[in-house]
Student: 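Before we start, here is the structure in question, set down as structure tokens.
Note that these values count all heavy atoms, side chains included, but never hydrogens, waters or copies made by symmetry. Note that the numbering runs from 1 along the sequence shown for the chain.
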Amino acid sequence: DTGFLFSPFSLAAFKGNSDALDLLIAKSNDPKCLKEHIEGVGTLLHLCIKYGQKEMLKHLLTKHFIYTCSLIDKKDP
């Protein structure tokens, strides 16, 4: 039990499904969705770290770096 509600983006990250995340980003036409705040967790980067999704973290920081680089300095809640 994670104790928080998943958005489609956070669920894809939590499950480590980079294909689904990329599809959601493409369909949303708004990559700012990668900057969503997850109550009790923080950002998608925090989510990946907390739940051991190393490959998803790498994916977010490489393929989507232009959108996720500003998240690096965000503090945990």
Side-chain angles (χ1 to χ4, degrees):
D1 183 27
T2 60
F4 62 88
L5 295 175
F6 289 105
S7 70
F9 301 97
S10 60
L11 181 60
F14 178 78
K15 293 289 190 176
N17 191 332
S18 58
D19 291 336
L21 185 66
D22 291 344
L23 180 63
L24 288 165
I25 293 165
K27 293 289 184 185
S28 75
N29 290 321
D30 186 9
K32 292 179 185 173
C33 59
L34 294 173
K35 296 182 178 187
E36 74 174 306
H37 176 78
I38 304 160
E39 191 65 37
V41 175
T43 68
L44 287 176
L45 301 182
H46 292 121
L47 178 83
C48 291
I49 293 166
K50 183 173 183 171
Y51 293 101
Q53 290 295 348
K54 294 176 189 174
E55 288 303 313
M56 178 59 76
L57 181 62
K58 182 179 173 182
H59 181 74
L60 287 167
L61 291 172
T62 54
K63 184 168 185 176
H64 302 291
F65 183 75
I66 193 167
Y67 306 109
T68 58
C69 65
S70 64
L71 302 177
I72 293 170
D73 292 330
K74 298 256 182 189
K75 298 194 186 290
D76 284 348

Student: Starting at CD1 of Ile38, measure out to OG of Ser10 and round the result to the nearest 0.5 Å.
Tutor: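 Answer rounded to 0.5 Å: 4.5 Å.
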Student: Just wondering, do Cys33 and Tyr67 contact through their side chains at under 4.5 Å, heavy atoms?
Tutor: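 A side-chain contact under 4.5 Å is absent here.
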Student: What are the two closest non-hydrogen atoms of Phe9 and Leu21, and how far apart are they?
Tutor: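 Phe9 and Leu21 have their closest heavy atoms at O-CD1, 3.7 Å.
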Student: Identify the heavy atoms of Ser7 and Glu36 that sit nearest to each other, and give their distance.
Tutor: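 The pair with the smallest heavy-atom distance is OG-OE2, 2.8 Å.
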Student: Under 3.5 Å, which donor-acceptor pairs link side chains of residues 53-60 to any protein atom two or more places apart or in another chain?
Tutor:
unit_1	atom_1	unit_2	atom_2	d
Gln53	NE2	Phe14	O	2.8
His59	NE2	Asp22	OD1	2.8
His59	NE2	Asp22	OD2	3.2

Student: Once you round to the nearest 0.5 Å, how far does CG of Leu44 lie from NE2 of His37?
Tutor: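 Taking CG in Leu44 and NE2 in His37, the distance rounds to 11.5 Å.
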Student: Do you know which two heavy atoms are closest between Leu47 and Ala13, and how far apart they sit?
Tutor: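 Looking at all heavy atoms of both residues, the shortest contact is CD2-CB, 3.8 Å.
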Student: State the CG-CG distance between Leu45 and Leu61, to the nearest 0.5 angstrom.
Tutor: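 Between atom CG of Leu45 and atom CG of Leu61 there are 5.0 Å.
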Student: Please determine whether residues Phe6 and Leu71 belong to a single hydrophobic cluster, defined as Ile, Leu, Val, Met, Phe, Trp and Tyr linked transitively by side-chain heavy-atom distances below 4.5 Å.
Tutor: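 Yes.
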Student: State whether a side-chain donor-acceptor pair under 3.5 Å links Thr43 with Lys35.
Tutor: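 Checked: Thr43/Lys35 side chains show no N/O donor-acceptor pair below 3.5 Å.
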Student: Once you round to the nearest 0.5 Å, how far does NZ of Lys63 lie from OG1 of Thr68?
Tutor: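 Answer for the NZ-OG1 pair, Lys63 versus Thr68, is 12.5 Å.
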